[in-house]
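These numbers come from the heavy atoms of this one structure, side chains and all, not from hydrogens, waters or symmetry mates. All figures in this text were calculated on a predicted structure; none of them were measured in a lab.
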Amino acid sequence: MHVNRARRARSRFAALSAAAVLGGTALAAGPANAAAPENPAAGATAAAPAAPAPAADCSAAYRIEQTLSGGTTWRMCWHYETAAGLVLDKISYQPKGEAAPIPVLTTAKLAQIHVPYDDGSVEYDDLTGAGFGQGLMPMNPGECPGGTIKKVKVPEAWNPEQANVNGLCVTTRARGHAYRMSEVQENGSVKIRQTQGKDLLVYAVNQVGWYEYITEWRFQDDGTIQANVGATGSLSAGDYDAGDGRGWPIGKGAKDYATSHSHNVFWRLNFGLDGSPKAKVEQYDSKISPPARGGSAPSNKTTRTDVTKELAADAKTMRWWRVVSTAGKNKDGHARSYEIVPGAQAKYSGRPFTKHDVFFTNYKKCEQFASDNIPNCGPGGGKSVDKWVNGQTLTHPIVWVNMGFHHVARDEDQQPMPVHWQGFSLAPRDVTAMNPLTPADLADQNGQPDQGS
């Protein structure tokens, strides 16, 4: 017998969610200082000193600190919000050789899971309208191998028996090769240099209707951050009513057609590189031209565009963006930055807020959710991220990443449904002067090798 909540129960969740948000005051669980204002350095100059490690900013229960086998240390705080669920704060990265932590993100969290059905009958905003935060699921040790499961207080829990949930896993996991390099020695032998990478994982599971969403953050020993959402659970028993072009036959014959639908997942990233919110945004595009007369191959030129005003942007072949620090440089004198690397995309064009891959908006406290925004931004303020791109100069950029997945069900989706993932990465670009996992005897090989006189 299934214990999953039926699809029609979402409407009940939506009403309760609104009541919980509007009628209560405690929207976040955690230490008061862990959920500090997002614009802590609003009055700081570009020369502001690096922020201290989060160890001083939250109590032990809400602090995560992990040194990985390659010598890299990640530090952060966490808290839990009524609608958004897990929120990570004050994320810093300290590879070996760096004397102090390098602040990267002030906050990082989910900003919406928008679920429209192909037949046009319904669409859901799972975070703000369907009780995502209230659906935090308890974990058992087997799903947090080698790690620690932290207790989470669910703000304004609808079910008092689920007000405190063992629902946050913090663990580490091998990811395979971090690098591999072959060197021919003077005696003709080959020396293999390789190391196996390690990740810090932080994740929680939230149930909405028949779905269970795994909100996963991966912090790699090379400075990369990966944000993923995995959808699993069950196919809704109330959705076997589609036809060809709107669904897929599940089970024997062609009787039960599971309705196809999209999962449009949004993340909200508030950067604080080197302790300052005053970052810059740059877009890079490459253009391939035919071989010049007498040339042997096509040429490829990459150009930079400074994104100085709010922007709704689309990923294209050989296009990428980076968020650049205005407060710190690496040991080579290059400004630190993080590159946005989208994952596989199935963009849903049905709503203005889903038509673009990345949005860059200037910080405004009320702008928290990509659609069905709960805070009131005032008259004309709009309720979705597309309304907030209105030409304002970017001084404190907020990055919204939209990754879509079109779920056309298959026989293998039952029962239970395998996890399907969607997400993106933040890749360090010039955060350190060299590979943070460089062996000590290669540390002098930075830049053009010395050719001698």
Side-chain angles (χ1 to χ4, degrees), residues 1-17 85 110 112-140 142-143 159 162 167 203-216 228-266 343-351 354 371-372 402-423:
M1 176 179 179
H2 295 304
V3 297
N4 307 74
R5 297 185 289 270
R7 176 178 151 196
R8 61 180 174 271
R10 283 176 180 263
S11 60
R12 175 172 63 87
F13 290 163
L16 285 170
S17 179
L110 283 179
Q112 193 57 270
I113 302 176
H114 172 249
V115 187
Y117 276 67
D118 281 20
D119 61 7
S121 63
V122 289
E123 62 180 321
Y124 302 110
D125 292 298
D126 277 355
L127 264 64
T128 55
F132 177 89
Q134 293 291 331
L136 181 66
M137 303 299 290
M139 292 189 191
N140 61 52
E143 55 188 322
N159 182 352
Q162 294 181 336
Y203 56 92
V205 179
N206 292 75
Q207 187 183 66
V208 180
W210 293 81
Y211 273 97
E212 298 193 15
Y213 293 111
I214 305 170
T215 304
E216 177 190 85
N228 300 299
V229 166
T232 182
S234 303
L235 292 174
S236 170
D239 288 331
Y240 293 106
D241 54 2
D244 288 333
R246 297 283 191 267
W248 195 267
I250 300 297
K252 296 183 182 298
K255 177 183 177 183
D256 296 328
Y257 274 70
T259 308
S260 302
H261 52 278
S262 292
H263 295 259
N264 304 309
V265 180
F266 291 83
Q345 173 71 292
K347 190 159 50 180
Y348 174 83
S349 61
R351 294 293 183 186
T354 62
S371 65
D372 190 33
N402 166 33
M403 299 304 305
F405 176 82
H406 186 215
H407 188 187
V408 180
R410 54 185 180 150
D411 278 341
E412 289 86 351
D413 280 341
Q414 55 181 17
Q415 169 84 306
M417 183 179 8
V419 182
H420 53 79
W421 292 98
Q422 56 204 101

Enter the distance from [X]:[atom1] to [Y]:[atom2] here, rounded to the nearest 0.5 Å.
{"X": "Tyr257", "Y": "Tyr240", "atom1": "OH", "atom2": "OH", "result": "14.0 Å"}
{"X": "Gln422", "Y": "His407", "atom1": "CD", "atom2": "NE2", "result": "11.0 Å"}
{"X": "Gln112", "Y": "Phe132", "atom1": "CD", "atom2": "CZ", "result": "9.5 Å"}
{"X": "Met403", "Y": "Trp421", "atom1": "CE", "atom2": "CH2", "result": "14.5 Å"}
{"X": "Tyr124", "Y": "Ser371", "atom1": "OH", "atom2": "OG", "result": "14.5 Å"}
{"X": "Asp241", "Y": "Ser236", "atom1": "CG", "atom2": "OG", "result": "9.0 Å"}

Do Pro418 and Asp413 touch side chain to side chain, with heavy atoms closer than 4.5 Å?
->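 Yes, close enough: below the 4.5 Å cut-off.
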Does any non-hydrogen side-chain atom of His420 lie less than 4.5 Å from one of Phe405?
-> yes
Grab the two heavy atoms, one from [X] and one from [Y], that are nearest each other, plus how far apart they are.
{"X": "Ser260", "Y": "Gly247", "value": "OG-CA, 3.5 Å"}
{"X": "Asp411", "Y": "Pro249", "value": "OD1-O, 3.8 Å"}
{"X": "Ala204", "Y": "Leu136", "value": "CB-CD1, 4.0 Å"}

Does the side chain of [X] pick up a donor-acceptor pair with the side chain of [Y] at under 3.5 Å?
{"X": "Asp118", "Y": "Thr259", "value": "no"}
{"X": "Gln414", "Y": "Ser234", "value": "no"}
{"X": "Ser262", "Y": "Asn264", "value": "no"}

Which residues satisfy the side-chain contact (heavy atoms from CB on, under 4.5 Å) test with Pro416, sequence neighbours excluded?
-> none
Heavy atoms from other residues, nucleotides or ligands near CZ of Arg351 exceed 12 (cutoff 6.0 Å) |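 Incorrect, the count does not exceed 12.
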Trp248, CH2 atom: more than 12 neighbouring heavy atoms under 6.0 Å | no
Distance-only check: which donor-acceptor pairs under 3.5 Å involve side-chain atoms of residues 343-350, not counting sequence neighbours?
from	atom 1	to	atom 2	distance (Å)
Gln345	OE1	Gly404	N	2.5
Gln345	NE2	Asp357	OD1	2.6
Gln345	NE2	Asn402	O	2.9
Lys347	NZ	Asp314	OD1	3.1
Lys347	NZ	Asp357	OD2	3.1

Do you know which of Ile113, Asp372, Leu110 makes side-chain contact (heavy atoms from CB on, under 4.5 Å) with Asp126?
-> Ile113
Assess the pair [X] and [Y]: is the distance between their ring centroids shorter than 6.0 Å?
{"X": "His406", "Y": "His263", "answer": "no"}
{"X": "His114", "Y": "Phe266", "answer": "no"}
{"X": "Tyr211", "Y": "His261", "answer": "yes"}

Please step through side chain to side chain donor-acceptor pair (under 3.5 Å) for the pair Asn206 and Thr215, ending with a clear verdict.
-> CA-CA 8 Å; Asn206 292 75; Thr215 304; 4.6 Å; no
